[in-house]
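The structure under discussion appears below in the form of structure tokens.
All residue numbers in this chain count up from 1 along the given sequence.
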Amino acid sequence: MDRFAAVLAPRLGPAWAVRDTRVSFDSTGWSVRCDATADGAPVVLLMSPPHASGQVRHPGFTLGVVDGAPRAPLEPAACDAVAEALAELRRRVRPEPAPSEPLDGRRARVLLGADGARLAPSIDAFRRHYGEPLRAVFLGGDRAPSIAFPPVAPEQELLMYAPPPFREDARMAAYLADLGFAVDARGRISTVPTPAAFARRRRRLSIDAEGLRPALRPSTEALFSPRAWLSQIADGVLPINVHGRLSHALTAPARAISVRLHRELRAYWNNHFHALGHDMGMHSLTMHRVPSAAMARMRAVAVEALRRGRAPSRRVATFFEERLTRTCHERWAEVTRPEGFARAFDAAAPALFDALNRELHGG
């Protein structure tokens, strides 16, 4: 996109200066927005498919100007420059789908290292339970592939519906891919990295915000323990429970299950199969750029809640699970660049800290 602006700006003429470029996707195709100035006045150039409304038409695009009128006319050569730059941009921002392959436990051990060994039983259990495998997706940028969750149980998967910038903006989509995530056709974050790959990708991108460090935790229970979960949060860890004894039993032949489970209870326990997709694609992703000072302050409240007992621990655990995740999701919906998240979060932080302290004190 920087190259696109560098090619386009000189050919628009000396009165124009292109400051920033975004590519968006919607039901009509794709469009490009350039924040610019014309004779020092701010304008926005919109380059859309030919059927869109605008001021200048060309065989390959429509060029419109909003938030002001250009002080200098667009010469035919400038329109040709737009067409050339857009054609190159189209080739670069709409790459072929990432290669993938069905994943089983044996292959996971080969591809994913230590994380693969821990995940292998869950990966095989998923296929036995749903009759469809998880997939290894080779997004590039790390030696380990990410893991894609097929749409086998929409009522159970609890995957995050991606904020608009992640779904629509090419630069944000590329950032997701650099982190090891991808959005599916339903708008869900359904492809996620393993915790070890996520840590490597964060370091490669020089992300210095704290967030929480995801880690796989073999679990012998499928039921949620708020206090146990919060104790990990207090240490800066987001625990991801994998393949407990109960989930293994639920994938066994029906005759091996000695009790009849209520349908809703079985569905709740079956959420266990989507733990990696849920925790990585919702909590780890939304929180990964929370400023370190803010996360340290919230973790200190978690420590205090654990000291005070069961009820405060449960309330504060719910805060991290729900209120904090929802706030982060809302802030991501407001930004157009990853670097803008910290400022958006800081603006919401006072209300967030007030809510957390009310949970601590039972207010």
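Here the straight-line distance linking atom OG of S292 with atom CZ of R299 works out to 9.5 Å at 0.5 Å rounding. Here the OG1 atom belonging to T194 is positioned 5.5 Å from the CG atom belonging to L112, to the nearest 0.5 angstrom. For the atom pair CG (L134) and CZ (R127), the distance works out to 9.5 Å, reported to the nearest 0.5 Å.
Scanning both residues, P291 and D346, for their nearest heavy atoms gives CG-OD1, 3.6 Å. Minimum heavy-atom separation, D124 to G105: OD1-N, 2.8 Å. In plain terms, the two heavy atoms of N241 and A275 that are nearest each other are O-CB, 3.4 Å. Residue R217 comes nearest to P239 through the heavy atom pair CG-CB, 3.9 Å, listed as atom of the first residue, atom of the second, then distance. In terms of heavy-atom proximity, R227 sits nearest to A305 at NH1-O, 4.4 Å. Annotation for E132 and P150: closest pair OE2-CB, 3.3 Å, computed over non-hydrogen atoms.
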Are M282 and I189 close enough, and set up right, to give a side-chain contact (heavy atoms from CB on, under 4.5 Å), and what steps lead you there? CA-CA 8 Å; M282 183 174 290; I189 303 288; over 6 Å; no
Before you tell me yes or no, could you show the steps for R315 and H361 under side chain to side chain donor-acceptor pair (under 3.5 Å), namely the whole-Å CA-CA distance, both residues' side-chain angles and the distance that decides it to 0.1 Å? CA-CA 9 Å; R315 293 192 300 267; H361 298 294; over 6 Å; no
Run the numbers on L238 and I233 for side-chain contact (heavy atoms from CB on, under 4.5 Å), then give the verdict. CA-CA 6 Å; L238 178 72; I233 297 292; 4.1 Å; yes
Between E101 and R107, is a salt bridge (Lys or Arg N to Asp or Glu O under 4.0 Å) present by the stated rule, with each step listed? CA-CA 10 Å; E101 65 178 52; R107 186 67 170 147; 2.7 Å; yes
Could you walk me through whether W229 and E321 satisfy the side-chain contact (heavy atoms from CB on, under 4.5 Å) test, starting with their C-alpha distance in whole Å, then the side-chain angles of each, then the deciding distance to 0.1 Å, before giving a yes or no? CA-CA 10 Å; W229 192 75; E321 173 79 14; 3.7 Å; yes
Applying side-chain contact (heavy atoms from CB on, under 4.5 Å), run through F341 and H288 and close with a yes or a no. CA-CA 10 Å; F341 176 83; H288 80 280; over 6 Å; no
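Other residues, nucleotides and ligands contribute only 12 or fewer heavy atoms inside 6.0 Å of the CZ atom of R343. Within 6.0 Å of CZ in R337 there are more than 12 heavy atoms belonging to other residues, nucleotides or ligands.
Counting heavy atoms from C-beta outward, F149 and F126 have side chains that approach closer than 4.5 Å. No side-chain heavy atom of S313 sits less than 4.5 Å from a side-chain heavy atom of R308. Using a 4.5 Å heavy-atom cutoff, the side chains of E359 and T318 are not in contact. At a threshold of 4.5 Å between non-hydrogen side-chain atoms, the residues T325 and M160 do not count as touching. M280 has its side chain within reach of P195: a pair of non-hydrogen atoms, C-beta onward, lies under 4.5 Å apart. Side-chain contact between H329 and R326 is absent, with no heavy atoms from C-beta onward closer than 4.5 Å. No side-chain heavy atom of L324 sits less than 4.5 Å from a side-chain heavy atom of L356. By the 4.5 Å heavy-atom criterion applied to side chains, F345 and V335 are not counted as neighbours.
Formation of a donor-acceptor pair under 3.5 Å by the T286 side chain with backbone atoms of C328 is not found in this model.
Note: the hydrophobic cluster containing M298 also contains L360 (ILVMFWY, side chain heavy atoms under 4.5 Å, direct or indirect links). Hydrophobic clustering (ILVMFWY, side-chain heavy atoms < 4.5 Å, transitive): L205 and M287 are in one cluster. Residues V237 and V301 fall into different hydrophobic clusters, defined by Ile, Leu, Val, Met, Phe, Trp and Tyr side chains chained together at heavy-atom separations under 4.5 Å. Neither V137 nor L103 shares a network with the other; the hydrophobic side chains, linked directly or stepwise wherever heavy atoms of I, L, V, M, F, W or Y lie under 4.5 Å apart, form separate groups for each. The cluster map of Ile, Leu, Val, Met, Phe, Trp and Tyr, joined by side-chain heavy atoms under 4.5 Å apart, puts Y161 and F166 in different clusters.
Between F181 and F198, the ring center distance clears the sub-6.0 Å criterion. Ring centers of H274 and Y130: under 6.0 Å apart, within the cut-off.
The aromatic rings of H278 and H283 stand perpendicular to each other, their planes meeting at an angle above 60°, with 30° marking the opposite boundary.
Looking at D184 and R186, a side-chain N of the basic residue comes within less than 4.0 Å of a carboxylate O on the acidic one, giving a salt bridge.
The salt bridge (Lys or Arg N to Asp or Glu O under 4.0 Å) with R200 is formed by just one residue from the set D178, D115, D142; it is D142. Exactly one of L119, I123, V242 qualifies for a side-chain contact (heavy atoms from CB on, under 4.5 Å) with L276. That residue is L119.
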